[in-house]
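Step one of this worksheet: look at the structure below.
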Protein chains: 2
Amino acid sequence: MTKVIQVKPPRVFSDLKPWLQNHYQDLPKRLQSVAVFAMHNPDVIALNTIASISEQVGVTPSTMVRFAKSIGYLGFSDMQMVFQESMRHVPQPYSERLNSMQRSADTEQTVLSHFTQAASESIARLEHNVDASALLKASEQLAQARVVYIAGQGRAEPVVAYLHYTLVKLGVQSVVLSGMPHSMADKARMLKEDDVLLAISFSPYTANTRELVDICLANNTNVVALTDSTLSPIARGDDFHLEVLEEEVSGFRGLSATMCLALCLAVETGRVRAELDKAVK
Amino acid sequence: MTKVIQVKPPRVFSDLKPWLQNHYQDLPKRLQSVAVFAMHNPDVIALNTIASISEQVGVTPSTMVRFAKSIGYLGFSDMQMVFQESMRHVPQPYSERLNSMQRSADTEQTVLSHFTQAASESIARLEHNVDASALLKASEQLAQARVVYIAGQGRAEPVVAYLHYTLVKLGVQSVVLSGMPHSMADKARMLKEDDVLLAISFSPYTANTRELVDICLANNTNVVALTDSTLSPIARGDDFHLEVLEEEVSGFRGLSATMCLALCLAVETGRVRAELDKAVK
DNA sequence: TTACATTTGGAATATTTATTTCAAAAATAA
DNA sequence: TTATTTTTGAAATAAATATTCCAAATGTAA
């Protein structure tokens, strides 16, 4: 029993965090699990019983007590107080979030808060504006595709990467077109009748993506577009397009709302695909 | 014993508040005291024991139990849960997550709203939790670098792409390491003394990125890490790391908050760089 | 006033919850 | 490999916490 004996355990949560960072590597496996869980879910530690927490972490109650003691606390209850204290006055009861948002508008803001606020607004607008049936139709198109080809450049590239990653994880075959060193015409030729082009493009619209969409539409290949404006050159009457507009902060546009929509689109596609598969059987 | 028997007590705090307003007049004197106290100090009700609370209110423990029962709860503990739920950062208790997801599966609008809500939560938490000085230090590191090398795989790849895109636009020379078909050791060799590695990694942490960080730290190359936990293997005492945690929706984690932080980091880097350039002149 | 109902506090009880103990398992060193 | 230390889980124990019960106090209607 050569425990990591700490004479003076961190009495406030903000001190506990760095303490765990420094000692994490030296902790036994189970104690590491607890540490990770505690840092990710401080509210659970604060509000639940040792039995309920240990079950969520996947360890025994004894381990929870050991964890607390290894830091230097008298026991689990002693440590729990620190977690409870950390959430005493901090949390805004959900309804008051908006108020605090507006209140903070006049006071001086950090750079980060500018961006978080812009992101929140963009997401709120996305939720409000998005056409549910358009989302469903787009998902259906993608779900029916043999292969989904994804294209997008510049600021859209992270979105392409994310959609590719998520779709593949969901078992939807997809290929990133942007990275390939072919001409647009060559790329378009890769798309067969039952494939779908998923094009992402934001202002200023790159000619490449636009060209690709044009060729595909001319070939009667289905196109699903994700863009920042229905007036965008890649959004047309005869395709399926989704719109998301990011709030601008001193010339910079984020991708928070866009990523949210992208995830939603991918998950919906996965769900529709799963339904189709079931129907076939 | 003609108690105010309520068959269906308010299950959420926001419903309890108006309930008490309506029934306040009909309550006995002591129960009124409890009601006033509870509305003014919900956090105390949520976090303390019945003995401690009743002492603060100036009543006996029995009165607390009676109060809870008069509203319709099974007992004090039952009522306490409602108060606890109101101060959780994560809105739903684990067990109810699946239900809510299945419920939402019928209408498309709510699928999106689940994701937007998760995104908003994540961004709110980011704003609240991020260490401003850590952000500044990380930006300074990146600003001083001759070249910023960016690494990250899987879910981190979109973040890599976005940081690369934004940094380049801001005039900060940066190179994406992930795409290169070199060994980690070879990649690490590319980094000179005055370069910085910007590593992005989320659970489950890929061995590659971790290895790269290890080599760089061994070579005394500065590392700035962006991760979902300060306990992640790529976060260490001797580097500069930023933390962002995305809320999960039925197994899917978005990137909304992460993208927000990435943009913020890039912009800050650009700003610091501009200041440095000015100082040189 | 008396008779009755309601409210309240205090103590006994039941229940829940944390802690300790100890033996088995796993890891480490020789 | 074996010996030794460390880590872990399960059960027993201790502590705490909530709840119930009952008698006293307070209020109310005749």
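Computed from a predicted model, the values in this text were never measured in an experiment. Lettering follows sequence order; numbering is per chain, from 1.
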If we only count heavy atoms from C-beta on, is the B:Ser178 to B:Ile150 side-chain gap below 4.5 Å?
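They are not in contact (no side-chain heavy atoms under 4.5 Å apart), so the answer is no.
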Do B:Phe67 and B:Ser33 come close enough that some side-chain heavy atom pair is under 4.5 Å?
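The answer is no, as the side chains (C-beta and beyond) never meet within the 4.5 Å cut-off.
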Given pairs defined as Watson-Crick or G-U wobble with both distances under 3.5 Å, what dot-bracket annotation applies to DNA chain D, with ( ) intrastrand, [ ] crossing, | other strand and . unpaired?
||||||||||||||||||||||||||||||
Please name all residues satisfying ring pair (Phe, Tyr, Trp, His ring centres under 6.0 Å) with A:Phe13, sequence neighbours left out, ordered by chain then number.
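A:Phe13: ring pair (Phe, Tyr, Trp, His ring centres under 6.0 Å) contacts with A:Phe83.
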If the condition is salt bridge (Lys or Arg N to Asp or Glu O under 4.0 Å), which residues does [X] pass it with, not counting sequence neighbours?
X        : answer
B:Glu268 : B:Arg271
B:Asp15  : none
B:Asp131 : none

Rounding to a whole Å, what distance do you find between [X]:[atom1] and [N]:[atom2]?
X       : N      : atom1 : atom2 : result
A:Lys29 : C:dA26 : NZ    : C1'   : 8 Å
B:Phe67 : C:dT6  : CZ    : P     : 20 Å
A:Leu27 : C:dA27 : CG    : P     : 16 Å
B:Leu31 : C:dT6  : CG    : P     : 15 Å
B:Arg66 : D:dC21 : CZ    : C1'   : 11 Å
B:Met64 : C:dT7  : CE    : P     : 17 Å
A:Asp26 : C:dT28 : CG    : P     : 13 Å

Does a distance-only test, which skips hydrogens and angles, find a donor-acceptor pair under 3.5 Å between the side chain of A:Arg30 and the base of D:dG9?
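Side chain to base: no pair present.
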Which of these nucleotides, D:dG9, C:dG10, D:dT8, is closest to any side-chain atom of B:Thr60?
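Per side-chain heavy atoms of B:Thr60, the pick is C:dG10.
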In 5'-to-3' order, the base (B), backbone-only (S) or no-contact (-) status of each nucleotide in nucleotides 15-20 of chain D, using a 4.0 angstrom heavy-atom cut-off, is --SSBB
Under 4.0 Å between a side-chain nitrogen and a carboxylate oxygen: does that hold for B:Glu247 and B:Arg125?
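Salt bridge present between B:Glu247 and B:Arg125.
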Quick check: does any side chain N or O of B:Glu127 sit under 3.5 Å from a backbone N or O of A:Ser113, one acting as donor and the other as acceptor?
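Answer holds: no.
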With no hydrogens and no angle check, is any side-chain donor or acceptor of B:Gln32 less than 3.5 Å from a backbone partner on B:Tyr24?
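Judged by distance alone, yes, a pair lies under 3.5 Å.
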